[in-house]
Structure formats: structure tokens, C-alpha cells
Amino acid sequence: MSTTPLHTQDEPLSLADRAFLQLQDRLIFLDIPPGAPLNEGRLSQELQLGRTPLREALKRLESEHLVVTYSRRGTFATTVDITALSEISQVREVLEPLAARLAAERRGGDARAQLEELRDRLDGAGTEWLNRDDALRWDVQIHRAVYAAAGNAHLRVTLERYSNLATRIWCVVADRIPQLQEHITVHSELLGAVLAGEAEEAGEIMRTHVRDFETQIRQVL
């Protein structure tokens with residue numbers, strides 16, 4: 001059993017959006033290794049896109065700190081800065097519970113059907129089917145769904161940026177984290193609290209979840 005694509009919005013994607021999402025996915029899950037060059041010609045062929053939407057996507061990725069461009073050298077995937085874990089966690093520990101509370105206050109809002117589907121899939125399948133990559137993608141997918149359910153576009157954009165950076169750090173050490181499936185199981189409780197409108201409960205579950213993320217990573221560094 002695998003996760004669905006990470007895009008959570010219903011509106012049609014522009015070519016630049018499609019390129020951005022595909023490259024973002026490769027970058028945050030380290031399918032494009034940190035420090036690797038991004039060749040525009042090769043990527044244009046792989047994604048079956050012209051240079052203009054591809055360059056628009058690369059500019060957006062640079063603003064997300066996922067790629068960096070050097071004059072006369074080209075564009076490269078950024079390195080994974082594990083030393084930034086503490087600062088990233090400080091932001092997430094404040095904003096992730098806020099998103100969960102807002103999502104619960106709205107009982108999922110327009111994203112309710114998606115949250116119900118994610119909860120039912122997780123409850124129905126358990127976590128024994130999760131391999132490393134599935135677990136990582138499942139975590140990102142649920143967090144993004146909660147951000148959407150919060151109904152605050154500015155909060156959503158901010159949290160997606162920090163979640164992406166945190167996921168890259170997680171990918172570096174995931175093979176050394178024995179409790180990876182347990183880290184995913186808590187999402188069932190989180191989604192249940194959001195759908196039930198239990199704002200404080202949802203916020204506390206999310207806060208503990210983010211703290212556990214940092215603790216597990218520090219234990220293997």
C-alpha cells in the first residue's frame with residue numbers, strides 16, 4: 001500500500017507548478033542528493049517541459065531553500081543542514097499545534113473528506129505495510145492535509161517550507177530510527193481529534209509529535 005501524490009489541492013496545475021511539485025518531491029526525499037547539480041536540459045526532457053516553466057519552478061525552489069544557483073556554475077540541490085534542526089523545531093513546535101487547533105475548530109473544513117480518507121486508510125491498513133519511504137511520505141502527506149484544513153494560506157505556506165526542511169533532515173537519519181512506524185501511528189489520533197473538533201487535544205497531539213520527531217533524530221546523531 002502506498003501513499004497518494006503529495007499535491008493536496010483540486011485546482012488544475014500549471015506547467016511550472018507541476019515541475020515545482022515533482023522537483024520538490026525529489027529534493028525533500030533526497031532522490032536528488034544534496035549538493036547534486038540540476039541540469040536544465042536533462043530535467044526538461046525528464047519532465048517533458050519547456051525551459052520557461054522549468055526555470056520558474058527552480059526559482060520557487062530556490063526561495064524554499066531547496067536549491068541554490070551560482071553564477072557561471074549552475075543550480076545545485078542545497079546541502080542538508082542538520083545543525084538547523086533546533087531552529088526548525090522551534091518554529092514547528094509553535095506553528096504545527098496552531099494549525100492542528102485551527103483545523104479542529106473547522107472540523108477539517110474543505111479538507112474534511114481528505115482527512116477522513118487518510119484516517120480510514122491508516123486505521124484500515126495499520127503500519128505493518130510501511131517501508132521507510134512510505135513512512136516518510138505518509139508523514140508529509142498528513143501534515144500537509146492538516147495545514148490545508150487549518151484554512152490559513154499564510155500559515156500553510158510557512159509550515160510547508162519548514163516541514164520540507166525537517167523532512168530532508170529526517171531522510172538523512174531515517175534508516176537509524178527504529179520507532180519510525182510508531183511515529184506514523186500517532187497520526188490516527190491526530191486526525192480523529194481534528195475531525196471530532198477537539199482543538200486542544202489536536203494541538204497537544206501535534207506538539208508532542210513534533211517534539212518526538214526532534215528527540216528521535218537527536219538520539220541517532
Side-chain angles (χ1 to χ4, degrees), residues 5-9 13-40 42-44 46-47 49 51-99 132-133 135-148 150 152-174 177 206 209-211 213-214 216-218 220-221:
L6 294 180
H7 177 59
T8 58
Q9 301 182 53
L13 292 173
S14 69
L15 293 177
D17 287 337
R18 183 157 62 88
F20 171 80
L21 289 170
Q22 291 183 15
L23 290 174
Q24 177 186 243
D25 185 90
R26 296 188 193 182
L27 288 160
I28 65 175
F29 292 110
L30 308 188
D31 295 327
I32 298 177
L38 279 74
N39 182 281
E40 286 190 12
R42 186 178 301 116
L43 288 174
S44 181
E46 288 180 10
L47 301 177
L49 293 171
R51 293 292 184 95
T52 297
L54 178 59
R55 286 171 180 168
E56 290 178 14
L58 290 174
K59 287 180 181 178
R60 287 179 61 189
L61 291 166
E62 189 163 17
S63 71
E64 297 292 317
H65 306 291
L66 294 174
V67 304
V68 59
T69 300
Y70 301 102
S71 60
R72 294 189 294 275
R73 289 184 55 199
T75 301
F76 299 80
T78 55
T79 58
V80 177
D81 184 6
I82 295 179
T83 64
L85 175 62
S86 180
E87 293 181 356
I88 292 171
S89 296
Q90 286 173 356
V91 175
R92 295 184 72 217
E93 194 171 316
V94 174
L95 297 185
E96 293 268 3
L98 172 61
R132 170 188 173 277
D133 289 340
L136 293 170
R137 291 176 184 276
W138 186 270
D139 183 83
V140 172
Q141 186 173 351
I142 291 180
H143 279 262
R144 289 186 183 176
V146 171
Y147 305 158
N152 184 319
H154 296 286
L155 179 62
R156 178 178 182 172
V157 168
T158 300
L159 277 173
E160 285 185 353
R161 174 178 296 179
Y162 282 96
S163 173
N164 290 343
L165 296 176
T167 299
R168 296 187 87 215
I169 295 175
W170 194 7
C171 285
V172 171
V173 301
I177 297 179
M206 184 68 94
H209 179 60
V210 172
R211 286 176 177 170
F213 165 82
E214 181 179 10
Q216 289 179 12
I217 289 180
R218 292 198 179 282
V220 299
L221 289 178

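- Applying the side chain to side chain contact (heavy atoms under 4.5 Å, CB included) rule to Arg26 yields the partners Asp31, Ile32, Leu43, Glu46, Leu47; only residues at least two apart in sequence or on another chain are considered.
- Between the side chains of Glu64 and Asn164, no donor-acceptor pair of N or O atoms lies under 3.5 Å.
- Across Ser63 and Arg161, no two heavy atoms sit closer than the pair O-NH2, 3.3 Å.
- Taking 4.5 Å as the limit, every side-chain heavy atom of Leu58 sits out of range of all side-chain heavy atoms of Thr69.
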Task: side-chain contact (heavy atoms from CB on, under 4.5 Å) between Leu49 and Glu56, worked out - done: CA-CA 11 Å; Leu49 293 171; Glu56 290 178 14; over 6 Å; no
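- Closest non-hydrogen pair, Arg92 versus Ser163, comes out as NE-CA, 4.3 Å.
- One finds the CG atom of Leu23 at 6.5 Å from the CG atom of Leu54 (value rounded to the nearest 0.5 Å).
- Taken from CG in Leu85 to CZ in Phe213, the straight-line distance is 6.0 Å, to the nearest 0.5 Å.
- Atoms OH and CD, from Tyr162 and Gln90 in turn, are 10.5 Å apart once rounded to the nearest 0.5 Å.
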Task: Intermediate values then yes/no, side-chain contact (heavy atoms from CB on, under 4.5 Å), His143 and Val146 - done: CA-CA 5 Å; His143 279 262; Val146 171; 5.8 Å; no
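- If you take CG on Leu38 and CG on Leu61, they are separated by 8.0 Å, rounding to the nearest 0.5 Å.
- A donor-acceptor pair under 3.5 Å is absent between the side-chain atoms of Glu96 and the main chain of Val210, judged by distance alone.
- Across Leu30 and Val172, no two heavy atoms sit closer than the pair CD1-CG2, 3.8 Å.
- Between the CG atom in Leu165 and the CG atom in Leu66 there is a gap of 6.0 Å [rounded to 0.5 Å].
- Inter-residue side-chain proximity for Leu155 and Leu159 is flagged as met; some heavy-atom pair is nearer than 4.5 Å.
- Legend: residues meeting side chain to side chain donor-acceptor pair (under 3.5 Å) with Glu40, ordered by chain and number and at least two apart, are Arg55.
- A donor-acceptor contact shorter than 3.5 Å is absent between the side chain of Thr79 and the backbone of Pro34.
- Considering all non-hydrogen atoms of both residues, Pro53 and Ala19 come closest at O-CB, 4.4 Å.
- Of the listed residues (Arg137, Arg168, Arg18), just one forms a salt bridge (Lys or Arg N to Asp or Glu O under 4.0 Å) with Asp25, and that residue is Arg137.
- Judged by distance alone, the side chain of Thr167 and the main-chain N or O of Ile28 form no donor-acceptor pair under 3.5 Å.
- Judged by distance alone, with hydrogens and angles left aside, the side-chain atoms of Thr75 form no donor-acceptor pair with the main-chain N or O of Val68 at under 3.5 Å.
- Residues Asp17 and Arg60 meet the side-chain proximity criterion, which asks for heavy atoms closer than 4.5 Å.
- Scanning both residues, Cys171 and Leu136, for their nearest heavy atoms gives SG-CD1, 3.7 Å.
- Note that CD of Glu214 and CD of Glu93 are 7.5 Å apart. Values are rounded to the nearest 0.5 Å.
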